[in-house]
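Here is the structure we will look at, set down as structure tokens.
Below, read A as the first sequence line, B as the second, and so on, with proteins coming before strands; counting in each chain starts at 1.
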Amino acid sequence: MKKLLAILMVLMLVLSACSLAFAGEKEDKWAEDNGLNLDEPMDELYEKAKAEGKLVIYTISSRTQKVANAFNEAYPGIEVEVHDISSGTLKDQFVTEYNGGRHNADIIHSKEQVGEYTFEIFGKGMLHNYEPASIFGNVPESYLTLTPLMLELNLWFYNTEVYDACPITSWWDLTKEEWRGKVVYQDAAKNDAYCAPLTAMVQHADEMAADYERVFGEPIKLAADEPNAGYAFIKRFLANNPIMASGSDEVIELVGAKGQEKPPVGYSSSVKLRKAADGYAINYGPEKMSVSNGIPALNFVGIANECEHPNAAKLFIKFWLGGEDGKGAGYAPLVSLGSWSVRPENPNAEGNLDLNDIPLWEIDFDYIYNNIEDVRDYWIAHRN
Amino acid sequence: MSRIELKNINKYYGSNRVLKDVNLTIEDGEFMTLLGPSGCGKTTTLRVIAGLEKPQSGIITMDGRVIVNGEELFFESPAKRGLNLVFQSYALWPHMTVFDNVAFGLKVAKKSKQEINTLVHSALERMQIDKYAERYPSELSGGQQQRVAIARAIAGSPNLLLLDEPLSNLDAKLRIDMRSELKRLHQEMGTTVIYVTHDQVEALTMSTRIAIFFEGAIEQVAPPMELYQNPASLRVAEFIGNPRINLIDGDAKVENGCMTVTSALGTMVFDKEQFTDATPASSAFSCRVGFRPEQIHISRTEKPGAIKARVYSGMPAGSETLIQLVIGGHNFLGKQVGIRHYRADEEVWLTLDQRLVNVFDSGSGALIKLADTGEF
Amino acid sequence: MTQTALEQPFSRKRRFKNRLRNTFTNPYNIITLIALILLVYLIVVPLGEMIKTTLTLAASDLRRVKGGTEGEFTLYYWTRLLFSDVSRNLFWIPLKNSLIIALTTSMVSITIGALVAWLMVRTDLPGKNFFSLAIIIPYMLPSWCKSMAWLTVFRNETIGGAAGFLSYLGIQSPDWLAYGPVAIIIVLSIHYYAYAYLLVSAALRSVNSELEEMGEIIGAGKTLILRRITFPLVLPAILSSFILTFSKSMGTFGVPSFLGLKVNYYTISTSLYSTIQRQKGTGFAISLVLILLASINIFINQKLIGSRKSYATIGGKGGRSTLLPLGKWKWPIVALLILFLLVAVVLPLVILLYQTFMLRAGDYGLSNFTLHYWIGDADPNIADGLPGVFKYDQFWMYVKNTLMLVGFTSIIATVCGQMLGYINSRGRQLRSGKLVEQLVFIPYLIPSIAFGSMYLAMFMNTRYLNIFGLSIPVVPSLYGTFTILVLVSIVKHLPFASRAGTSNMLQISTELEEAGQLAGANFVTRFARIVFPLAKNGFMSGLMLILISIMKELDLIVILMSPSQATLPYMAYTYSNSGFQQPASAVSIVMFVMVFFFYWIANKFFHADIAGGM
């Protein structure tokens, strides 16, 4: 055993001698040299892109292939490779390749909710924004920290067999006795999409406190281990025995399965509304929710630093967002129930709520990134 | 056709020294038996010669060629030593037929098919098992497997044949058959044989010489009958012979080239010619008188010079009768050919030829008086 | 040749030359050296890397440790795990839960297993042939499949969703039975009793019944004999099964994740899983605690049994055995056994199978019958447009992945296992042999889920070794590749493979090899012509058993999986998590059929003994 230990020590020494190669600091210059700050017309970009001949996209959505197909029709001569990768893996894969000096991907498409891409990837210059005014001129400033593609939300779903409208209109409802053990959530310790809204709640604790008074008719009394109304919600919510689902689909299943007498309500991704066609009795009603439904998850795109096909990437991004008028074929595959464009010019899916009618908190990646881990720990500490 | 010389062989397993300065020369054509109780190092010696064990020190030469030099960590590979070994367990390869078992070494040596055929069949015929060539070892009896193992070992005509307790797994009758078989084989082939056993009868009946091992060291090397008649030490004396040698305590006194031994058997005087190198020049010390049961002549009537003894019990066994005798509190065994009936406590008279008696120094255990050798 | 025929005075130079030559021409040394290098690279280095990760500050945690710099030494992760506000829920409570589950599961499953073993070996129980097969079937269905079946039966309205079977019949099962520790213990027990059964029955067979008869002669009663003679004799086997069951239930992830997470019931392995994806440092610290617990467990057991080989099967040939007549108890016991098998074997399978024929989950009526989940075409209104498994290209891809994974892994692992077995059996007394044996044993101590995460950390990025200014890649980036799945499965199964290899090689007497050596055969010839032909059966049976084990593996690879490499267990697990119960059950059934098929082959053609490598 002593021998084993000795070997271990030696190996650890060897390992600590190993070092990872990090890139230098020429990223800004590269972006400038490749015109990522310019707003070239699409025809001009097409000519340059044809010279590059190829484009590689890492995406988290299967719909991106449809965009690529439309792109091929509109701009023949550029071979587009789409890699559909799960959101948990994509970041690791890109970073791994990047650090290994392999610049495979030109465009990265993923989801940002907690600022990890903003601070750990964009902040280090591994990805660049591309926000030409001809496309993003009318997009609200708060969505422009990363090049935005569209928004998804997590919303409260209810069972339409039992309820005519969403039975909850405030987060505080979830702490009431009548919803004890009847709320489906996911483990915020594991899932950022469920931790981020709680973090926003802590940030906007004043609004939460005011809403408490509105719901219960008296000001909130904070216990010693409840620093503010946001934290107080987390603690009291957990004390009310929520059910922890292991994925968005499971939330829908638990909420929407038909034939239930006392179905729970559940927080799940807005795009899952399509499962109503799948035999689930589900709907959401976020308009009546007081204060906020949470914070949006931003689908963003970025151009990889030192990628091989920057012009094709720029062209593709412009095309993806529907071209200069926003009505182009590139955005069409993205039009669906439960997702919203950040561009006013883009079409909205039929029957989709107006984004402005859904109360939301503004994205503040800086706050969330720096506080989410504290909220997570608070969540874990009060989990059972 | 091989002369083997072992010089100062030492072998350790960890800190356990299993061979202690083993020196042994095996002459060409000899049938040398390594004999000793279990765990004495005899099998290790055999495996060192075969090349399956590596001694830490010592040199082994084969016809003058060094095959082992422990200090220099030189070990000739077993295959190049021109020897073969019959394992105690036979170690027949169960997935090969008898023929393939015997042919394997020849195939590895890349002999021609025809030559292999000839050699294998000649080996099998010699061992009288040619008819089993196509069988698998599991389809053979223990004795037949033994023959296959020997056939495999001799097929390549080794210069040196090593046998590791080859008969220990056979029943009593087969063992006697195989003994004579092996002795014939040795005489016919003229190969040098080294044979390991713990069975002294095997050793005494088959060998040209015997090396007797105790605790990792060789105690005596001698032809079988010399070992029987003049064991170099008390340990050897007690190990060799069945029934065991009788030992009776006595007092010895050496002076003027004469040794006087006084014991329950009376007083015996031996002269210088019968001394060994271990006999002290002059002193008085305690000793043990050794004599074999068959050397005692028992008479039911009183005889001049005979010693009176009492029968403790008589044990007739057909071809011989063993008699437990008592003289002055000392117990010992006598043996007579044929059937004799003795009563308990019967009085008898014994005579013993002094020339045939051994005397050992009680302190060192060494032989200090030689017995006459020859046919007795 | 450095030695001439004549004797020469001692030469230090020749000694040195000969030493080099002896060392490097000895095949045992070469194999051992290669094995040692590989084992260090694949076991010790990842373990060291894991330890290092728990003590090194990661970039994403700079926001937690104010003023820290990336890569500096830190005790933050250990402090957070053991002495912070979250410790209680992150570590201590899950630890307590795990210990309770592991202890109870061990006791229950060993009681059942040992009792059944005793009935099978020592009594005149009728229908033994049937029972001997039926009893190990539960082992072939992964434990998490059983928890899926469990949920199907007991799911009540507490968590919402489709009704369970009992619920459908109007019976509301209580929460404590449907979810949480009781459910987990029951499901694990009807899985792990197989270990105790296999080990104890082997031990019972090796105990000569004359020992018991001796007790009868001196007038001891039956219970006294059982208690004072039989029990002590099989005690080592019972303790071995305890180690196995205990460490397996400590490390198991699937079952507590299905039955515990929804009601906030965490075990150390589910806590590990949820932590490790967020924060490697803390997650690895949990892994290390698990490894430590496993080591302590084995250490205590070794002290109890007083033998280093305590975890090994008690083998040996059976003595003469007299069967105890059960008398009037015969048929009640048979009925009880059949009832048990119904619950443990038939019911889960039937439920899973039945579920695949239900169009909508929760409706158990005949009107709901469908073959859609087997052979249906894609329909956007059923299960997100998922076609029936046999019509689904991805399913066939997963079948192919699974077969590739088990094929590669089991062959390589078995070959390595035989080689290691060769080293172990031939080098028992040597230090190198012992070192190899100890190294190989390490993966056994590491829970699957922690082992997977260890490899994730090790092979995430390409690593370079800087020597004299040269960057040499020493660790390739294997994340998301098929290779890493194969690699992790091989190494994790090495203890099993090498144990099987050792017992296989021990059967081949060294004298058989020495006889070949004397005949002039070199190492390769000896291995090819003597050792391998004799080891063939053991080789094939070891291979099949590893194949079965990997076929149903989930815990080990769940962390490393990427969609294009997914295997059947992973597919079933993901479906189940996405609420597609029927496809999940269909995939599980297919998997079970495949496992059963391979077991049948192993048993029929190679006389494989499933207890062989335990």
Please classify the contact between [X] and chain C as side chain, backbone, both or neither, with a heavy-atom cut-off of under 4.5 Å.
| X | result |
| --- | --- |
| B/Ala109 | neither |
| B/Arg47 | side chain |
| B/Ile67 | neither |
| B/Met96 | side chain |

(request) For a side-chain hydrogen bond (donor to acceptor under 3.5 Å, both in side chains) with B/Glu72, tell me which candidate from C/Arg14, C/Lys13, C/Arg19 qualifies. (result) C/Arg14

(message) I'd like to check the side chain to side chain contact (heavy atoms under 4.5 Å, CB included) partners of C/Phe16; sequence neighbours left out, ordered by chain and number.
(response) C/Leu20

(message) Going by side chain to side chain contact (heavy atoms under 4.5 Å, CB included), name the residues that satisfy it together with B/Ser77, two or more places apart in sequence or in a different chain.
(response) B/Ala79, B/Lys80

(message) Distance alone, cut at 3.5 Å: any donor-acceptor contact between the side chains of C/His493 and C/Ser549?
(response) yes

(request) Quick one: which of C/Gln517, C/Glu513, C/Glu511 has the most heavy-atom pairs under 4.5 Å with chain B, could you say? (result) C/Glu511

(message) For a 4.5 angstrom cut-off between non-hydrogen side-chain atoms, does C/Val440 reach C/Leu39?
(response) yes

(message) Quick check on C/Arg529 against chain B: is it the side chain, the backbone, both or neither that has a heavy atom closer than 4.5 Å?
(response) both

(request) Find the one option among B/Ala50, B/Ala153, B/Ser89 whose heavy-atom pairs under 4.5 Å with chain C are most numerous. (result) B/Ser89

(message) Out of B/His95, B/Met62, B/Lys54, return the one with the most heavy atom pairs under 4.5 angstrom to chain C.
(response) B/His95

(request) Specify whether C/Tyr444 and C/Phe441 have parallel, tilted or perpendicular ring planes, treating 30° as the upper limit for parallel and 60° as the lower limit for perpendicular. (result) parallel

